Every structure is written in C-alpha cells, then in structure tokens.
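A note on names: the letters A, B, ... follow the listed sequences, proteins ahead of strands, and every chain is numbered from 1. The analysis underlying the following values was restricted to heavy atoms, covering all of them including side chains, and did not include hydrogens, waters or symmetry mates. Treat the numbers as computed from the prediction; the structure is a model and nothing was measured.
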Amino acid sequence: MDLRYTKQQESFRKEIRKWFKSNVPKEKLLSFDTKEGFEQHRNWEKKLSEGRWTAITWPKIYGGRDCDLIEWLIFEEEYYLANSPGRVNQNGIFLLGPTLIEYGTDEQKERFLPEMISGKEIWSQAWSEPNAGSDLAALQCKAIRKGDKYIINGQKTWSSRASFADWAFGLFRSDPNSNRHQGLSFLLFPLNAEGITIRPISQLDGEQGFAEIFFENAEVPVENLVGNEGDGWSITMATAGFERGLMLRSPARFQLTARKLVNLYLNKEKNASSGIREKVIQCCLDAEAYALNTYWTACKLIHGGKIGFEASTNKIFWSELDSEMHELAISLLEAEGSLGINDQISSEAVEWIKGFLFSLAGPIYAGTNEIQRNIIAERILGLPK
Amino acid sequence: MDLRYTKQQESFRKEIRKWFKSNVPKEKLLSFDTKEGFEQHRNWEKKLSEGRWTAITWPKIYGGRDCDLIEWLIFEEEYYLANSPGRVNQNGIFLLGPTLIEYGTDEQKERFLPEMISGKEIWSQAWSEPNAGSDLAALQCKAIRKGDKYIINGQKTWSSRASFADWAFGLFRSDPNSNRHQGLSFLLFPLNAEGITIRPISQLDGEQGFAEIFFENAEVPVENLVGNEGDGWSITMATAGFERGLMLRSPARFQLTARKLVNLYLNKEKNASSGIREKVIQCCLDAEAYALNTYWTACKLIHGGKIGFEASTNKIFWSELDSEMHELAISLLEAEGSLGINDQISSEAVEWIKGFLFSLAGPIYAGTNEIQRNIIAERILGLPK
Amino acid sequence: MDFRFTEEQISFRDSLKKLCEETCKTSSIRSLWNSLERLDQARWSKLIDLGVVGSLIEKDEGGLGLTDIDLVLMAEESGYYALPEPLWEVALSGSILKYIPNNNEENWKARLANGDFFILTCHEINKFTPNADLADAFFLQDGDGLYFATKEEAKIIERDGLDPSQPIFEIKWKPKKSKRLMHRSESVEVWQEILNRGALFTSAQLLGLTQKVLDLSVDYVKSREQFGRAIGSFQAVKHLLANIQVKLEFARPVVYKAAYSLASNSSGRYRDVSYAKIVSSQVSKLASKTAIQSHGAIGYTWESDLQIFMKRIWFLDVMWGSSVWHLKRLEKEILSPSSEIGPGGTFV
Amino acid sequence: MDFRFTEEQISFRDSLKKLCEETCKTSSIRSLWNSLERLDQARWSKLIDLGVVGSLIEKDEGGLGLTDIDLVLMAEESGYYALPEPLWEVALSGSILKYIPNNNEENWKARLANGDFFILTCHEINKFTPNADLADAFFLQDGDGLYFATKEEAKIIERDGLDPSQPIFEIKWKPKKSKRLMHRSESVEVWQEILNRGALFTSAQLLGLTQKVLDLSVDYVKSREQFGRAIGSFQAVKHLLANIQVKLEFARPVVYKAAYSLASNSSGRYRDVSYAKIVSSQVSKLASKTAIQSHGAIGYTWESDLQIFMKRIWFLDVMWGSSVWHLKRLEKEILSPSSEIGPGGTFV
C-alpha cells in the first residue's frame with residue numbers, strides 16, 4: 001500500500017490544472033437542457049477535444065490518452081476543481097464509447113468514436129419504454145430486420161438529452177416472438193431519421209432533459225447493430241454497469257458539492273440547527289469515503305480485478321449522499337431555497353435548487369435504488385429471489 | 001374541542017397521586033424476569049388491587065372502576081410519574097382481561113377476573129410456535145376435544161412471563177384437518193398442569209423473560225375454551241389489537257423516558273454531539289405526539305368511534321421512539337453504556353442498559369414492524385397483497 | 001377534555017372541500033400558470049362567500065368571529081387541493097383588526113371583512129411575500145411599530161419562485177409616521193401572534209398536502225405495473241408509503257392541538273405552534289421524497305400533477321419560520337430541567 | 001498510488017483466520033464464560049506464535065517491526081471471530097517500546113516481545129480497562145508523564161460488563177516517580193499515538209464484527225421460513241441487509257486508509273483515524289440492530305450466537321473514543337474553510 005501520487009501523476013495533475021485554468025469558460029454556461037445551452041456545451045466538448053481531454057481513458061487511436069483509472073480520477077478532481085461545465089455528451093463518452101470499444105466492429109469505432117470525441121455528435125440513450133422502466137426486459141419496441149435494414153416501430157421514453165441530441169443508442173426487440181431478455185438487439189440511430197419523432201418531456205424545473213422517441217417504420221442500416229442480433233441484453237447490462245459503476249459519477253463531483261455545502265453552512269450557520277451541523281460533517285466524510293472507495297476499486301481494476309455488483313452499492317451510496325447534501329443546502333438557504341431556477345439575483349441559491357431537483361432523480365434513474373437493493377441482496381448476499 | 005381536564009378529572013388525578021405517593025415501594029424491585037423479582041411484583045399487584053387500581057377501566061363488578069379512557073390516561077401518567085414498578089400481570093390485565101370481558105362466559109369471568117385483579121394468578125401468553133411467529137396462522141400445536149376436555153400436544157414458544165407465571169392463554173389447532181386461520185381455538189390453561197413442561201428461555205440480558213411450553217397430552221377442561229371452538233383466530237386478533245393498540249403502551253411511559261433522556265443529556269452534555277442534541281429534542285416532541293395521538297384516539301373511542309388498524313401505526317411509532325431514546329441514552333453514557341445489568345455502582349446506567357436491551361425487542365414482538373407496515377399498506381392504504 | 005371537532009367545524013370544512021373539488025382541479029391550477037389572470041375570479045368569489053377571509057375578524061367588526069380551531073381543518077383541506085389563492089394570508093390580516101384603533105381614514109376595515117380589500121401581512125420572518133401583487137395594502141413592521149401601507153406606497157419586486165402558483169415578491173417601503181397603526185410596545189405581541197397564526201395555517205396546509213401526495217402515490221402504485229404486477233404490491237414500495245401514513249397520523253393531533261392553544265391563548269402556544277410547524281414540515285418533505293420515488297420518472301415531469309403539490313410543500317416549508325427556526329424557538333423550553341413537558345404535562 | 005495489501009499481508013491475515021476458524025468457535029467462547037480459566041491457553045499460545053503481540057515492537061527490540069498496515073486486516077479478522085483474548089491491547093503496548101528508555105530494571109521489554117509478559121495500557125479515554133486481571137503490568141498516564149506499574153502496584157476493581165467475554169476493570173493507582181518512563185513533554189504525543197492506534201484496531205475489529213453479524217443474518221433469513229417461503233425472499237428483509245452491505249463496503253477503505261496514515265505518520269492521521277472509528281461504529285451498530293430485526297425473537301436470546309458479536313460491537317463502540325468523541329475531534333478540521341478535504345485532497 002502506497003497512497004502517494006507518483007511524480008508522473010503529480011505532473012499530469014499540473015498539466016490538467018494549467019489547461020483548465022485557461023480554457024474553462026469564464027461565464028457559466030446555460031443549462032444543457034435548453035437549446036442554447038446545449039450548443040454552448042457542445043462547444044465545450046469541442047474545446048475539450050482540442051485539448052485531448054474528452055475521454056482520457058480511451059485508447060490513443062480513438063482520441064483518448066490511454067490513461068489508467070488513477071489518472072482518470074486525478075483528471076476528474078481537476079475538472080471539478082476548475083468548475084468546468086457539465087458533460088452534455090456523457091451518454092456517448094461514458095456509456096456508448098466504452099461499449100463500442102468492447103463490442104463494436106472496427107467500422108463502427110471508426111465511424112462513431114471520432115465524432116463523439118469531437119463533440120460533433122451528441123448522444124442520447126433510448127432504453128426505457130412506457131411499460132418497461134424498472135422492468136426493462138418487458139420492452140416491446142420492435143426493430144425487425146428486413147434485408148440490410150432494421151425497421152423500428154414503437155416508442156421509447158425518458159431518453160436523456162434526446163430533446164437536442166444527434167444520435168441515440170437503444171435496445172429493441174428484434175425477434176417479435178421473443179420475450180423478456182431474449183431476442184433483443186442493441187442499435188444506433190440518428191434522431192433526425194425519417195419515421196422518428198421526438199417529443200421533449202419537460203422536467204420538474206421546466207427544462208427538457210429528456211424526451212419521448214416515437215418510431216414509425218424508421219429504418220436503420222444493419223451496420224448500426226452493435227454485437228450480434230439477439231445479444232442486446234448482455235451488451236446493455238455491460239453499458240448499464242458503466243453507468244452505475246465507476247466512471248459516470250466520479251467522486252470529485254460529490255467532494256466538490258460537499259465543500260460547497262460546508263461553505264454554505266459556514267455562511268448560513270444562523271439558519272442551521274444542531275442536527276444540520278452534524279449532518280453537514282457527515283456528508284463531507286461520506287464524500288471522502290466515496291473517493292476512497294473509488295480509488296480502492298480503481299487500484300483493484302488496474303491490477304486485473306473485476307468490477308461486479310459493487311456498481312449497485314455505488315449507485316445507492318452516491319445517490320443518497322447527493323440527495324442528503326442538497327436537502328441540507330435547501331434547509332440552510334431557508335427562504336432562498338424556495339426560489340425558482342430563473343431567479344436572477346441569488347445565483348448561488350439557484351445552483352443549489354437546480355442541484356436539489358436533479359438529486360431527486362438520482363435514486364430513480366439508472367435503475368431505482370429499490371432495484372439496486374434487490375441486486376445487492378440477491379447477487380452479493382445470495383438471498384433467494 | 002376543549003383540552004382542559006374537568007374538575008372531576010383533576011381530583012381523580014390528585015387521588016391517584018396521593019395513593020401512589022404512600023404506596024409505591026421505596027426500594028426498586030428486582031426484575032420480574034427473576035424468580036424473586038417476580039414475587040415482589042406479584043406483591044405489588046396485590047397492593048394495587050387493595051387500592052382498586054389494578055384495572056381501572058374494567059367494570060366495577062369485576063374489580064375495576066368503570067373509568068373511561070381519559071381517566072385511564074390520567075392514571076397512567078400518575079403511575080409513571082410515581083416511578084411505580086412494571087406490571088408483571090400485563091398479559092392478564094391488558095390482554096386477556098378485556099378479551100374475557102368481551103368474549104368470556106359469566107363463569108369464566110367469575111373464575112378468572114378476580115384472581116387476575118388480585119394478582120393471585122399471573123398470566124402468560126402462548127401464541128408463537130417455533131415455525132409460527134410472524135406467520136401465526138401457520139401454528140400447529142393441537143388441542144383436540146375428547147369428551148369434556150381438550151388434549152393438547154405440541155409446543156409454544158416466546159411465551160412472555162411463562163417462566164414464573166401461573167396460567168397462560170393461547171391459540172391452538174382444535175381441528176386437526178384445518179389449516180391457516182380456520183379450526184383454531186382460544187384456550188386457558190394452568191402452567192402447572194400435568195403434561196406441561198416449561199423451559200425458560202434466557203434473554204440477551206441473561207434473564208428469563210420468556211419460555212418454551214411443551215405439551216404432552218395435557219388436559220384442559222372445555223370450560224376453559226374462550227368463545228366458540230374454531231373462533232380462536234378472530235378472538236386472538238382482537239386480543240392482539242389490545243396489545244398493539246391503545247392500552248398496552250401508554251404514552252406516559254415514553255414521556256417519562258423522554259424526560260429522563262433530557263436530564264441525562266443535560267448531565268452528560270459533554271458526551272453529546274450536535275446531532276444528539278437535536279435528536280433528544282425530537283424524541284421529546286415525539287413522545288408528546290404519541291400522547292396527543294392517544295388522547296385524540298381516546299376521545300374518539302369514548303364517543304363511539306372504533307379503533308382500527310391504527311393499532312399498527314401505534315406500534316411502529318412507539319417501538320421506534322423507544323429504540324431511538326435508548327440508543328441516544330447509551331451514546332450519552334459512553335463507557336458506562338457498556339456495563340452489564342448486574343453492575344452495582346452505576347444504577348442509572350444499568351437502568352438505561354436494561355431499557356436499551358428491551359427496546360431491541362420492541363420492533364419484533366407483538367408482530368414485527370415489517371408485518372405492521374404490511375398491514376398499514378394493505379388495510380389502510382389499500383395496496384394489493 | 002374533548003379532543004374532537006364540532007359538527008359545525010366539520011361541515012364548514014366539508015363545504016370548502018366541495019368548493020375545491022368542483023373549482024380547484026389541477027387543470028384549473030395549471031391554467032392560471034399560463035394566464036394573465038392572477039386569480040380564478042369565480043373561485044375566489046365563492047371562497048369569499050364562504051366567509052373565510054373575514055372569519056377571524058370579530059363580529060362587531062363585520063367578521064365571523066371564528067377561531068383557529070374553526071379554521072384549521074379548512075386550512076388542511078385547502079392544502080389538499082393546493083388552493084392557489086391567498087386565502088389564509090388574507091384571513092390572517094383580518095385577525096389583528098381588533099387590535100387596530102378605529103382612526104384610519106380609508107375605512108378599509110369593513111372592506112377587508114367582506115373581501116373587497118386585500119391586506120397582506122409582510123412579516124420579517126418571511127423574506128418573500130407571496131401574491132403581493134394581488135394586495136391592495138400591507139401590514140408592515142418597523143422598529144417603532146406596526147404600519148399600514150397601500151400598494152402605491154410600497155414597491156413590490158417580483159422574484160422567480162419554485163411554485164408556479166405562488167409568485168413571490170420582495171417589498172420595499174418607507175415607513176410613514178402617519179400610517180403607524182400601533183406603537184412598538186403594543187405591536188410586538190400582535191406581530192408574534194401573526195407569526196404563530198401564519199405558522200399554524202401553514203402547518204395545516206402541509207398536512208393536507210401530505211395526504212394528497214400520499215394519495216397520489218397510492219393511486220399510482222396501484223395502477224403502475226412492472227414485472228407483471230402492480231408496483232404497490234412490492235414490499236419496498238408498501239413500506240415507504242406505510243411510513244408516511246404513520247408519520248401523518250401522528251402529526252395531525254399535534255397541529256390540531258396548536259390550533260386549540262392559539263385559540264385559547266394558552267401559555268404553551270409558542271411551543272405548540274412551533275412543534276406543529278416542525279412536524280408538518282418534516283412529514284411533508286419526507287412524503288414528497290417518497291412520492292417521487294414511488295412515481296419514478298413520471299413524478300419528475302412537468303406533466304405530472306405531483307409537482308403541483310410537492311412544490312407547494314417546498315414553498316410552505318420555509319414560510320412563517322422554517323422547521324429549523326421553530327426548533328430553535330422551542331429547544332430551550334424542551335431542554336429545561338423544569339419543563340412541564342412529560343407525563344401529565346401534555347395539556348398544561 | 002497503490003491501495004492494495006501485499007500478498008504477505010493477506011497471508012498473515014489468512015493464518016490468523018485459520019487459527020480462529022479452528023480454535024475460536026463460539027462454543028469455545030461460551031465455554032470461557034462459565035470457566036474459571038480466563039484465557040484459552042492453547043489458543044493464546046498459538047496467537048503468540050503467530051507473532052502478533054510483538055508485531056509492533058521494533059526488530060532490534062525483539063519484535064517483528066511491522067506496521068499498522070500489516071495488522072489492520074488481522075484485527076478485522078479477529079473481530080469476525082470475536083476473539084476474546086486481548087491481542088490488540090497487548091500489541092498496542094508493544095508499539096511504544098521504542099520511545100521508552102532502556103533503563104528499567106525489570107527487563108520486561110524482551111518478555112513483552114515474546115509474550116511472556118502482558119502490559120495493558122490504561123488510557124484515560126477508556127473509563128474501563130478490559131482484561132486488566134490478565135495483565136502483569138500497566139502503562140498509565142499521570143499529569144507529569146507516562147508511568148509503568150506492575151499489577152501489584154495497581155488496584156483493579158472489577159465491574160460488570162455487557163460483553164461476557166470482556167471483563168472490565170477500573171484501575172486505581174498512585175504514581176511513583178521512580179516508575180516514570182517519560183516526562184510529560186515526551187509522553188503527550190506518544191499517548192496520542194496510542195489512542196490513535198487503539199482506535200484503529202478497534203475500528204478494524206468492528207468491521208469484522210459487522211461482516212459477521214451480516215453473515216449470520218443472511219444465513220438465518222435464508223433458512224427461516226414464514227408464510228411458506230424463506231424470510232430472506234421478502235423485500236423488506238432484503239433491503240435491510242442490502243443497506244448494511246452498502247455501508248460496510250464503503251467503511252472498509254476508510255479504515256484501511258487510516259492504517260496507512262498512522263503507519264506513514266501522515267499529518268492527517270488524527271482525522272483519518274477518527275473517521276475510521278466513526279464509520280465503523282456507525283455501520284456496526286446499525287448492523288446489530290438489523291441483525292436482531294432479521295433474526296426476530298431468536299436473536300434476542302442468550303442461546304443465539306448473535307449476542308456474542310453484538311455485545312462485542314456495543315463494547316468496542318465506546319473503546320478508544322466513542323464516535324461522538326471522534327466526531328468532535330475532527331469537526332473543526334472538516335468545517336474549516338481552509339480544509340484540504342475535497343477534490344484532490346483525499347491523499348494529502
């Protein structure tokens with residue numbers, strides 16, 4: 001055990017810090033769940049790719065830096081410390097990218113990864129359906145092969161970023177006679193294709209962070225099938241593992257929120273009860289535990305270990321922590337905690353309120369925490385179904 | 001709405017206070033889960049009955065005072081304020097007594113109620129079996145009628161007070177071909193009857209608060225059947241309702257614990273974190289809420305209302321409150337919180353430790369809190385099975 | 001000792017319930033969001049006919065001379081429907097008329113009682129005053145007393161509020177000696193009474209809102225199926241909702257008792273009102289969180305009616321003193337070794 | 001940056017595991033409760049052969065010269081088996097030998113290293129010293145320094161302890177100048193280091209104990225049937241246990257990092273050790289509560305082995321600083337605006 005960064009790691013940190021210092025936009029971008037903000041964030045993705053910072057853990061040949069997970073953690077720490085904008089292409093970079101690198105054909109990698117890295121194509125996901133949420137295997141949206149095309153009919157929903165994105169990946173029933181986990185295929189499709197209609201869904205805050213996607217004989221070429229026909233479920237589970245797992249929720253994000261919460265507490269101590277004081281401290285400690293656990297897992301993975309159902313424990317931990325931190329912040333803000341997200345005066349409060357609303361979704365998306373607890377109980381603890 | 005006590009109620013309170021002031025034993029009794037302590041508590045029951053305080057809500061003809069529930073609440077408040085000993089016969093007074101008054105024959109009332117009131121016969125319950133706990137309807141212990149007797153064979157367990165008590169009431173399968181809720185009968189039996197063997201169970205604290213009861217052709221006369229043969233389930237549910245419901249856990253008990261907790265906090269403030277401070281306050285408030293809710297329900301009942309599944313909400317509320325208060329006390333005691341119950345020096349700490357250990361059983365006995373939550377969800381909220 | 005409401009009180013509540021059921025559907029609430037109208041005039045007239053706005057004004061001042069006990073169930077009911085109109089805020093202003101000498105020129109007292117004239121009370125406990133744009137005048141407190149100001153004399157600045165049904169405003173205003181209604185020596189206690197009453201009505205509304213988000217959640221989980229069965233049949237969902245039921249059942253008598261304490265001017269009213277606000281804030285926030293968890297993604301949308309009630313909860317949570325503020329107000333009393341609280345002390 | 005244990009460390013742990021598995025069954029623990037023997041001599045000899053008691057003594061003083069990192073997994077393992085012998089308390093006393101000048105007559109240093117001589121450290125953070133009756137001597141702190149006292153020089157008073165495997169004692173003693181090992185100026189920091197190490201070993205044991213009560217609960221709910229199915233198939237039970245799994249998984253790296261900080265004398269070691277104690281206390285207490293709830297009445301009995309582990313948890317919870325004590329120790333640092341904690345600050 002040696003918990004010191006190497007010289008190389010230290011200098012990598014300095015390099016990142018330097019680049020971000022001079023490249024992070026001075027003005028806060030608009031929300032990427034608005035049309036204008038989306039394009040601002042696309043530009044940020046382009047800027048990142050100019051610095052080769054979009055996906056540092058990817059192989060160099062695809063535009064990455066071949067970084068290991070420790071370097072990735074260092075990168076994320078600096079990314080958040082620099083107050084950088086959110087990642088509008090996270091569906092692409094953190095979910096689809098690794099999936100394609102693992103399961104895609106060379107042609108698919110060449111076609112999609114550079115455009116993803118450059119921010120030219122922003123990705124949305126298309127998993128859930130109105131009657132297939134927690135129970136994803138109940139999905140019914142069909143993609144039936146006809147010659148060299150898949151013909152898609154049906155509906156997807158809760159597709160994050162789909163209101164403004166360019167492409168989407170999703171899971172479809174390619175065998176109309178199959179059910180549950182069988183006969184599903186993983187497809188990529190452009191959101192502007194003929195036969196596809198996007199209906200943005202307004203969220204609690206009024207912004208359009210997700211959308212419904214309607215398919216009416218939409219055609220997708222067979223080249224856009226990832227893996228084999230019928231193997232969609234296992235590929236999706238791998239992708240969902242990335243989502244719940246290590247890379248989508250880097251510790252730095254929660255550590256930064258925890259620090260901001262401490263500062264808020266110190267400024268608003270008069271609004272705090274004794275219990276809030278202790279909870280603020282506990283949040284800071286939990287954010288550290290999350291960081292330690294991630295470094296711990298990263299070291300295991302670097303040396304050949306595998307990530308298993310820990311992804312589910314991770315998801316519960318960060319989503320509950322995020323929720324707790326934002327509830328505390330709202331409490332500390334008192335009256336300002338009831339402002340709307342368009343208030344022009346209390347920008348700090350508005351930031352917390354946006355975060356609070358978003359934190360409500362944490363225990364729901366990427367598999368509800370109830371589902372995660374089932375997984376932990378059944379797969380890790382071995383309890384009966 | 002008029003939340004003032006009447007003059008009559010005020011003078012009743014004074015009468016109680018006066019009696020208890022001169023009659024509560026000066027020295028703390030030993031635990032009633034020891035042989036010697038059991039007899040001390042039996043004597044206390046006898047003393048109570050001399051003052052006609054054993055079961056004030058019972059009709060006068062059975063030794064009660066025909067008191068209404070408000071008077072009962074006043075009585076309990078004074079009972080706890082006087083630091084009176086625990087009620088070794090609570091199974092009899094609060095569970096079986098009301099059951100007999102409602103379902104018993106005149107002969108049964110005459111035979112059992114006076115001996116119960118006087119403390120001459122202390123009662124135990126005999127519901128659970130090794131394979132019928134939360135799922136009580138799975139019980140298998142048989143009482144088969146043969147002439148004017150029931151012949152009992154099988155086993156009961158977790159029978160509180162059975163280690164030292166005189167009589168027990170319980171639920172038995174009187175129809176050997178029945179299953180679940182059918183074919184059960186409610187019987188009374190003396191614990192010293194032939195064919196009955198008591199094996200005391202030692203608790204976490206080493207004392208014998210409950211016991212196993214083994215039956216080998218034990219004979220019980222048919223006069224000891226309460227209600228009709230085969231009606232045992234509904235009678236038991238009524239009894240269990242008393243248990244979970246209003247009368248077994250009077251608010252005064254928790255209010256007194258809350259006050260003691262505040263005093264402990266004030267004495268041990270140096271051992272408290274900021275969070276503990278707030279939790280102590282919250283416990284006090286919750287104890288008040290429990291009292292208010294009980295008065296609220298009592299007023300409803302006095303005026304012809306019925307108690308329904310609120311018994312389940314009550315049980316969750318008091319058991320969680322009791323658990324929280326004792327956990328806080330143990331925290332505040334720091335090192336003294338790790339003492340055993342036989343420590344001779346720190347009597348205050350020992351009292352809290354006993355209470356802490358007992359509080360662990362709260363969410364389990366009288367139907368686990370999981371079962372109560374099912375009942376609330378299904379019976380009050382109407383969620384599907 | 002009788003901890004029940006009278007039949008009149010219950011039927012007064014029921015008439016508001018009927019009115020809300022008919023006129024305050026969520027579609028009607030939503031239509032105001034996109035309308036230039038700030039009030040549903042038809043509904044508002046009916047509410048005024050019901051007498052609530054003048055309910056706390058003494059009879060000889062033209063009001064109904066009711067008490068907090070008469071109103072607490074109605075406030076609860078209005079929460080259940082997330083009634084957007086500032087019914088309680090206006091009624092509240094009426095409650096202090098009796099303290100105000102009859103020497104002001106505008107003759108607004110009678111107009112207030114019959115609903116012709118809106119006065120809102122800008123209490124410093126509230127950073128923002130909701131619906132201030134609807135007011136004809138304000139009660140305000142300055143260092144030396146309680147003041148009256150017409151809408152022309154006050155500057156109202158709109159802020160963006162989280163609850164689209166409750167536009168919020170900051171009030172800027174310069175006290176004019178001629179408009180002083182009470183000297184500080186008299187007004188301090190009146191000002192406290194307003195705070196207590198504001199907190200009580202808020203608590204009652206929070207109870208109703210909690211019941212509503214619980215009902216919406218129960219309905220949703222009964223109908224939503226996953227894995228071939230209603231999600232309400234899963235224990236995890238059941239137990240989440242059962243916990244809200246428990247807490248709500250234990251919160252109600254606390255709020256009702258606070259109404260009694262306020263109406264009877266009990267010495268424990270500060271403590272009782274604070275407890276009512278704490279417990280109703282706690283249960284309503286937990287219920288919001290549970291409701292959104294039970295609804296899943298649908299509860300996170302603008303389309304879902306759940307937002308109407310959750311946002312009202314979050315908004316009312318900070319009105320008339322947050323639960324933290326109230327906790328601090330009562331903690332000294334609770335932690336005093338000589339506190340009356342405890343067995344036998346519940347009603348003294 | 002390598003957050004892994006070496007193969008040697010893991011195999012050192014495994015050898016203790018094997019030893020406990022063979023010699024420290026719960027029947028063996030129970031048999032000591034009713035025996036006049038205070039130690040299982042056979043087991044104790046094997047433990048001494050393993051080298052743990054002298055592990056923290058420098059090599060040139062006859063020990064193994066190991067560090068906290070080498071021992072933390074073993075301490076965790078010993079918790080899993082609720083090892084009753086005061087292994088860590090004795091090892092702890094060894095860890096300060098290096099600070100003690102070589103001028104004492106008894107020549108107990110070598111004897112301590114090879115397990116012939118037990119020294120327990122009576123730190124004022126612990127009101128009671130467990131197993132003091134087994135000690136040959138004590139380290140004690142007085143206003144002016146660190147002292148040595150043989151068992152004859154100290155009076156030990158037994159108290160009744162909740163954990164039948166850990167008899168507890170109060171120590172009364174009069175400092176003798178001739179037995180002073182260090183002046184206060186030197187001893188203060190040593191005394192703090194002992195506290196940190198005591199808290200670390202306690203935290204590690206609590207992790208093991210948590211894993212044990214979780215395992216016992218999982219086994220029980222898999223086999224116990226009600227309503228015609230294993231109770232472990234009910235979501236309510238599953239989710240209770242899943243929560244413990246989550247918290248335990250996130251507690252481990254915190255404790256391991258504290259071991260590293262202590263071993264490397266990092267400036268953050270006070271904070272890290274305190275966090276380790278807080279998090280391990282929290283998860284272990286929650287696990288006890290969950291375990292008893294999962295077991296139902298059976299878990300409330302003397303007969304059930306669950307009590308052995310729960311009582312050890314409750315006992316260790318207050319040793320070497322309760323979680324409240326440790327929270328207070330670190331809160332100032334956490335709440336400082338200039339705290340290093342945050343992104344990039346985890347390992348500085």
### Message
I'd like to know whether A/Ile353 forms a side-chain contact (heavy atoms from CB on, under 4.5 Å) with C/Trp314, so could you lay out the CA-CA distance, the side-chain angles of the two residues, the decisive distance to 0.1 Å, and finally the verdict.
### Response
CA-CA 11 Å; A/Ile353 291 157; C/Trp314 297 328; over 6 Å; no

### From CA spacing to verdict: ring-ring contact (aromatic ring centres under 6.0 Å, His included), C/Tyr300, A/Trp158
CA-CA 10 Å; C/Tyr300 195 70; A/Trp158 315 125; 9.0 Å; no

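Within the 4.5 angstrom heavy-atom criterion, no atom of A/Asn374 approaches chain C. Neither the backbone nor the side chain of A/Ala138 comes within contact range of chain C; no heavy atoms are under 4.5 Å apart. In this structure, the portion of C/Ala236 lying under 4.5 Å from any heavy atom of chain A is its side chain and not its backbone. For C/Leu240, the part lying under 4.5 angstrom from a heavy atom of chain A is the side chain only. Contact annotation for C/Met319: neither backbone nor side-chain heavy atoms come within less than 4.5 Å of a heavy atom of chain A. In this structure, chain A has heavy atoms under 4.5 Å from both the backbone and the side chain of C/Ile292. Looking at A/Ala132, the atoms closer than 4.5 Å to chain C (heavy atoms on both sides) all sit in the backbone: N, CA, C or O.
Contact residues of residues 377-385 of chain A toward chain C are absent (heavy-atom distance under 4.5 Å).
Atom CG in A/Asn271 sits 12.5 Å away from atom CH2 in C/Trp325 (nearest 0.5 Å). Note: A/Thr368 OG1 to C/Gln226 CD = 9.5 Å, rounded to the nearest 0.5 Å. To the nearest 0.5 angstrom, C/Glu158 atom CD is 10.0 Å from A/Asp343 atom CG. For the atom pair CG (C/Asp160) and CG (A/Asn342), the distance works out to 5.0 Å, reported to the nearest 0.5 Å. Note that the CD1 atom of A/Ile201 and the OG atom of C/Ser304 stand 12.0 Å from one another [nearest 0.5 Å].
Heavy atoms from other residues, nucleotides or ligands lying under 6.0 Å from CD of A/Glu269 number more than 12.
For chain C, the option among A/Leu357, A/Val350, A/Thr157, A/Asp205 with the highest count of heavy-atom pairs below 4.5 Å is A/Leu357. Taking C/Ile298, C/Leu306, C/Leu316 one by one and counting their heavy-atom pairs under 4.5 Å with chain A, the maximum is reached by C/Ile298. The residue among A/Gln344, A/Arg373, A/Glu327 with the most heavy atom pairs within less than 4.5 Å of chain C is A/Glu327. With chain A as the partner, the residue from C/Arg159, C/Lys289, C/Lys127, C/Glu331 showing the most heavy-atom pairs under 4.5 Å is C/Arg159.
Every pair passing ring-ring contact (aromatic ring centres under 6.0 Å, His included) that includes a residue from residues 217-245 of chain C is listed here, sequence neighbours excluded: C/Tyr220-C/His295. Applying the salt bridge (charged side-chain N to carboxylate O under 4.0 Å, His left out) test to residues at least two apart or on different chains, the pairs with a partner in residues 302-330 of chain C are A/Arg199-C/Glu303, C/Arg30-C/Asp305, C/Asp163-C/Arg312, C/Lys285-C/Asp317.
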Show me the side-chain donor-acceptor pairs of residues 330-339 of chain A shorter than 3.5 Å, one per line, residues at least two apart or across chains.
residue: A/Glu334; atom: OE2; partner: C/Ser322; partner atom: OG; Å: 2.5
residue: A/Glu336; atom: OE2; partner: A/Ser346; partner atom: OG; Å: 2.8
residue: A/Ser338; atom: OG; partner: A/Ala335; partner atom: O; Å: 2.9

